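Nothing here was measured: the structure is a model prediction, and the numbers come from that model. Numbers here simply count residues along the sequence, with the first being 1.
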Amino acid sequence: MSFYELDGENLTLDEFFRIVQQQEKIKLHPRAVENIEKGRTTIEKIIQEKRTVYGVNTGFGKFSEILIPEDKIEELQYNLVVSHATGVGEPLSEEIVRAISILKINSLAKGFSGVRLCLVEKLIEMYHAGIIPVIPAKGSVGASGDLAPLAHYTLVLLGMGEAFYRDERMPGADAMKMAGIKPLVLKAKEGLAMLNGLQVTAAIAGLAHRRLRNLARTADVIGALTTEGLKGTPSAFDDRIQRARGLPGQIQVGRALTELLKDSEIRSSHEDCHRVQDAYSLRCMPQVHGAVRDALSFIRSMLAIEINSCTDNPLIFYEQEDVLSGGNFHGQPLSMVSDMLAITTTYLANISERRIEYMLDPNTSEMAGFLTEEGGLNSGFMIAQVTAASLASENKVLAHPASVDSIPTSANKEDYVSMSCHAALKALEVVENTEYILGIELLCACQAIDLKEPLKSSTPLEKVHQLVRAHVPHLTTDRYMKPDIEKARELIVSGKVWAEVRLELDVIGG
């Protein structure tokens with residue numbers, strides 16, 4: 001059995017996503033073991049020398065000037081964890097919690113947090129056993145890290161709190177006992193090291209990014225199907241137009257759309273039609289979808305750094321035996337990235353909803369109203385568009401930036417906070433809404449393609465059409481539509497839509 005070795009330095013985003021999705025086994029790299037032990041040795045030396053160091057033998061936040069006696073240090077760490085476990089709301093998903101575990105272990109592997117090796121090994125043991133701490137989603141302001149969520153995560157390490165284990169929600173003590181893992185008693189600095197950090201924000205933002213990346217490339221495929229369904233022209237996707245502007249994402253999307261629409265019978269059937277230009281929602285896909293691609297590149301570059309970062313405080317620089325207090329726990333970079341994720345995804349949602357409406361309006365589509373051949377008796381896709389409009393409008397509210405907000409905490413000691421976790425949670429919700437909107441567009445586009453029979457679309461788009469029809473039949477008369485929408489979304493989220501055209505688009509970096 002192979003193990004991925006975490007060293008706090010070299011984890012890539014693709015490796016991170018793979019480990020979380022496939023629940024791969026992990027272990028510490030020998031270099032990480034050495035660094036953790038060096039960091040802990042520095043902490044033990046500080047205690048022996050009775051030096052006053054924040055987070056080691058002092059209170060926290062506003063109480064940082066209060067010295068804690070050596071015989072009270074274990075109690076201090078315990079009190080820190082239980083007092084900070086104040087999160088509320090629904091629990092974070094199992095996938096997110098696994099991601100948090102990987103990021104926390106990877107951060108501690110750098111050795112800058114001063115924890116004992118046995119603590120990190122205990123976290124790995126819990127991860128392999130499938131213990132999923134119950135972490136309420138709400139309660140972090142993204143400064144001093146994600147304090148409340150990580151406190152709930154840490155409770156289970158202490159044999160407290162709640163956890164999901166073997167598909168059951170139970171007390172953390174029971175989960176640890178059933179898994180045969182002994183709870184840990186925290187020593188100096190360890191409670192603070194567990195709570196300080198932005199692993200919750202980074203995990204949520206990272207997984208939202210992964211889903212948006214899939215959405216962005218799938219939106220090109222669905223948009224191309226819609227172009228066919230509306231008898232749109234691919235001339236606006238010409239590579240010369242895109243290169244005249246020069247934006248990499250725009251060039252990439254233009255080439256993808258051109259490739260997807262190549263050699264289509266539907267296109268050939270209307271080359272001499274009366275329309276001179278298509279609506280922006282078709283014609284400007286390279287510009288809009290391309291902007292999403294470029295934003296994703298920046299977001300990815302930031303997340304690639306964050307998943308290997310140490311966002312604890314204070315940091316133990318063991319080579320110099322220095323302990324420095326700073327602000328790496330501040331979530332502003334991740335807050336900004338998460339807001340970009342939400343705003344960027346909203347672009348895809350808005351333009352997709354416009355394409356849906358364009359297909360349903362007989363005045364613009366030149367097809368049967370609402371894509372139903374017996375209108376009046378049947379409503380067709382009328383209310384599916386209403387759902388898309390509802391979700392698109394909800395996205396606009398959720399896209400309002402959280403990163404520009406701040407509420408001072410801890411008696412003004414923490415006077416400027418980032419709201420990074422809030423931003424990441426919003427971004428994930430926007431992504432989910434947009435998956436549904438694109439699912440609705442996929443259904444409408446396939447219905448429009450049906451109405452063009454016996455003409456065929458291009459080879460790659462016919463593959464996508466057949467995939468959808470293998471799971472969702474043509475809408476002849478009205479039926480219960482929610483299962484159709486859920487299935488279309490699942491085809492998108494699973495990557496099956498993209499897989500049908502991947503070979504054609506891989507050659508152009510699609």
Side-chain angles (χ1 to χ4, degrees), residues 33 35-86 104-105 107-123 125-126 133 143-161 172-173 176 181-197 199 310-329 409-411 413-414:
V33 172
N35 291 341
I36 290 168
E37 290 179 333
K38 285 179 179 178
R40 188 62 199 178
T41 298
T42 302
I43 291 294
E44 299 291 350
K45 187 173 182 180
I46 287 168
I47 295 170
Q48 290 172 5
E49 295 174 354
K50 301 187 184 301
R51 291 161 52 190
T52 301
V53 175
Y54 170 70
V56 177
N57 49 17
T58 71
F60 309 103
K62 188 68 175 177
F63 295 134
S64 59
E65 296 174 5
I66 297 176
L67 184 64
I68 307 298
E70 187 174 342
D71 63 351
K72 296 286 187 181
I73 286 178
E74 286 184 12
E75 183 180 352
L76 171 70
Q77 301 304 307
Y78 171 86
N79 288 346
L80 175 69
V81 175
V82 297
S83 67
H84 283 54
T86 58
K104 175 55 79 173
I105 292 164
S107 178
L108 296 176
K110 298 174 83 72
F112 296 149
S113 293
V115 301
R116 291 169 294 162
L117 179 61
C118 66
L119 183 151
V120 187
E121 291 174 337
K122 191 77 70 174
L123 293 178
E125 192 177 1
M126 289 169 59
S144 287
D146 296 314
L147 292 172
L150 288 173
H152 285 275
Y153 175 78
T154 307
L155 282 177
V156 180
L157 177 68
L158 309 186
M160 302 173 66
M176 294 287 273
I181 303 174
K182 291 183 179 180
L184 196 71
V185 175
L186 297 176
K187 302 294 185 181
K189 178 66 172 63
E190 292 181 331
L192 189 61
M194 287 297 298
L195 270 57
N196 263 341
Q199 289 78 34
C310 185
T311 48
D312 192 2
N313 183 62
L315 298 181
I316 290 79
F317 296 97
Y318 38 82
E319 300 296 349
Q320 301 84 20
E321 293 190 354
D322 280 343
V323 180
L324 300 179
S325 185
N328 275 3
F329 51 64
T409 59
S410 193
K413 189 77 169 181
E414 298 159 4

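- Atom-to-atom distance recorded for I316:CD1 and K110:NZ is 13.5 Å, nearest 0.5 angstrom.
- Within the 4.5 Å cutoff, the side chain of I181 has heavy atoms near those of the K122 side chain.
- Atom CZ of F317 has more than 12 heavy atoms from other residues, nucleotides or ligands within 6.0 Å.
- Atom-to-atom distance recorded for E190:CD and Q77:CD is 7.5 Å, nearest 0.5 angstrom.
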Should M160 and V81 be marked as a side-chain contact (heavy atoms from CB on, under 4.5 Å) after you check the CA-CA gap, both sets of side-chain angles, and the distance that decides it?
-> CA-CA 10 Å; M160 302 173 66; V81 175; over 6 Å; no

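- Put simply, the side chain of R40 gets close to the backbone of G114: a donor and an acceptor are under 3.5 Å apart.
- V53 has its side chain out of reach of I43: every pair of non-hydrogen atoms, C-beta onward, lies at least 4.5 Å apart.
- Salt bridge absent: E44 and K187 never bring a charged side-chain N and a carboxylate O closer than 4.0 Å.
- Residues P133 and V156 come closest through the heavy atom pair CB-CG2, 3.7 Å.
- Side-chain N/O atoms of S325 and N313 include a donor and acceptor closer than 3.5 Å.
- Of all non-hydrogen atoms in C310 and L315, the two that sit nearest each other are SG-CD2, 3.5 Å.
- Looking at E121 and R116, no side-chain N of the basic residue comes within less than 4.0 Å of a carboxylate O on the acidic one, giving no salt bridge.
- Using a 4.5 Å cut-off on side-chain heavy atoms (C-beta onward), Y78 and L186 make no contact.
- Between E414 and S144, the shortest heavy-atom contact is OE2-OG, 3.3 Å.
- A85 and L155 make their closest contact through CB-CD1, 3.6 Å (heavy atoms, listed as atom of the first residue, atom of the second, distance).
- None of D312, T42, N57 except one satisfies the side chain to side chain donor-acceptor pair (under 3.5 Å) rule with K189; the exception is D312.
- Rounded to the nearest 0.5 Å, atoms CG (L119) and CD1 (I105) are 9.5 Å apart.
- Inter-residue side-chain proximity for L192 and P314 is flagged as met; some heavy-atom pair is nearer than 4.5 Å.
- Of the inter-residue distances, the one linking T58 atom OG1 with I73 atom CD1 reads 9.5 Å to the nearest 0.5 angstrom.
- Residues L147 and N196 meet the side-chain proximity criterion, which asks for heavy atoms closer than 4.5 Å.
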Criterion side-chain contact (heavy atoms from CB on, under 4.5 Å) on L108 and M194, from CA distance to verdict = CA-CA 9 Å; L108 296 176; M194 287 297 298; 4.2 Å; yes

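- In this structure, the separation between NE2 on H152 and CG on L195 is 10.0 Å, given to the nearest 0.5 Å.
- Within the 4.5 Å cutoff, the side chain of M126 has no heavy atoms near those of the Y153 side chain.
- Counting heavy atoms from C-beta on, the side chains of E321 and I46 never come closer than 4.5 Å.
- Between G197 and T311, the closest heavy-atom pair is CA-OG1, 3.2 Å.
- Taking the side chain as every heavy atom from C-beta outward, L184 and C118 approach each other to under 4.5 Å.
- Annotation for A173 and G159: closest pair CB-O, 3.2 Å, computed over non-hydrogen atoms.
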